[in-house]
Amino acid sequence: MESSKNKFILAVISALLSIYIFWLAWGGDEFNLGRAVFSSVLGVGFALSVLAVLLGAKSQLLNKATMLLVGVPSLILLALFVWFLVDGTWDFTLSKVAGVFAYAYGVYIAGALASYSEQQEAS
């Protein structure tokens, strides 16, 4: 996350995932209020991660909000998907593979922001 090129790439991926998750929540075929609210939280978290990455993780409040809104739900959903994979009840579809990518990226971006924020505090 040190170079501007890396920041731009992470910001674009976060923005695309935010748009994708909002589309899944509110524009999908069948509407489920619980899924829409949970996905909206995750979508807002990815949108906040765009700001956090572009600002260089300088705002502690923004970093904590991103870690809470992206890191925690992503970790829970990633663990749930791994559980379904181990259990054998997971059907391989493109949307589920995209979901696993989104959740793994959510865990990654939350960890990267936490690490970068700690490095800035130390120096």
Side-chain angles (χ1 to χ4, degrees):
M1 220 164 76
E2 308 252 339
S3 72
S4 60
K5 182 179 176 182
N6 289 347
K7 286 181 186 179
F8 178 75
I9 291 171
L10 291 176
V12 166
I13 292 171
S14 294
L16 290 175
L17 287 176
S18 179
I19 292 167
Y20 174 70
I21 289 172
F22 274 121
W23 177 77
L24 286 178
W26 299 100
D29 293 335
E30 74 181 55
F31 181 76
N32 182 342
L33 183 62
R35 184 178 62 192
V37 169
F38 193 79
S39 295
S40 294
V41 167
L42 195 58
V44 167
F46 276 117
L48 289 176
S49 74
V50 172
L51 291 175
V53 167
L54 291 178
L55 293 175
K58 292 179 182 170
S59 170
Q60 290 295 338
L61 181 63
L62 189 59
N63 293 344
K64 288 180 183 179
T66 300
M67 286 184 265
L68 179 68
L69 296 176
V70 172
V72 173
S74 293
L75 190 60
I76 291 169
L77 290 171
L78 189 62
L80 190 65
F81 270 53
V82 169
W83 175 270
F84 289 152
L85 184 64
V86 169
D87 191 33
T89 58
W90 193 49
D91 297 329
F92 282 96
T93 61
L94 185 59
S95 65
K96 289 188 180 179
V97 172
V100 168
F101 170 75
Y103 307 141
Y105 178 77
V107 171
Y108 167 76
I109 197 69
L113 286 172
S115 173
Y116 195 67
S117 179
E118 286 180 7
Q119 286 176 359
Q120 283 186 335
E121 284 180 9
S123 59

For the NZ atom on Lys96, are there more than 12 heavy atoms of other groups (residues, nucleotides or ligands in this structure) within a distance under 6.0 Å?
yes
Under a single-linkage definition using a 4.5 Å side-chain heavy-atom cutoff for Ile, Leu, Val, Met, Phe, Trp and Tyr, are [X] and [Y] assigned to the same hydrophobic cluster?
X     : Y      : answer
Leu24 : Tyr105 : yes
Leu75 : Val100 : yes
Val50 : Leu10  : no
Leu62 : Val41  : yes
Leu68 : Leu51  : no

Is a donor on one side and an acceptor on the other found under 3.5 Å between the side chain of [X] and the backbone of [Y]?
X     : Y     : answer
Ser18 : Ser14 : no
Tyr20 : Gly99 : no
Ser49 : Phe46 : yes

[X] versus [Y]: any side-chain heavy-atom pair under 4.5 Å?
X     : Y      : answer
Leu42 : Leu69  : no
Leu17 : Phe101 : yes
Leu48 : Val70  : no
Phe22 : Ser39  : no

Starting at CG of Leu80, measure out to CG of Leu85 and round the result to the nearest 0.5 Å.
11.5 Å
To the nearest 0.5 Å, atom CG of Leu113 lies from atom OG1 of Thr66 at 6.0 Å
How close do [X] and [Y] get, heavy atom to heavy atom, and via which atoms?
X     : Y      : value
Trp26 : Ser40  : NE1-OG, 2.8 Å
Ala57 : Tyr116 : CB-CD2, 3.6 Å
Met67 : Ala110 : CG-O, 3.7 Å

Could you list the residues that satisfy side chain to side chain contact (heavy atoms under 4.5 Å, CB included) with Val12, not counting sequence neighbours?
Phe8, Leu16
Answer yes if the side chains of Ser74 and Tyr108 hold a donor-acceptor pair under 3.5 Å, and no otherwise.
no
With sequence neighbours left out, which residue pairs that include part of residues 55-83 fulfil the ring pair (Phe, Tyr, Trp, His ring centres under 6.0 Å) condition?
Phe81-Trp90, Phe81-Tyr103
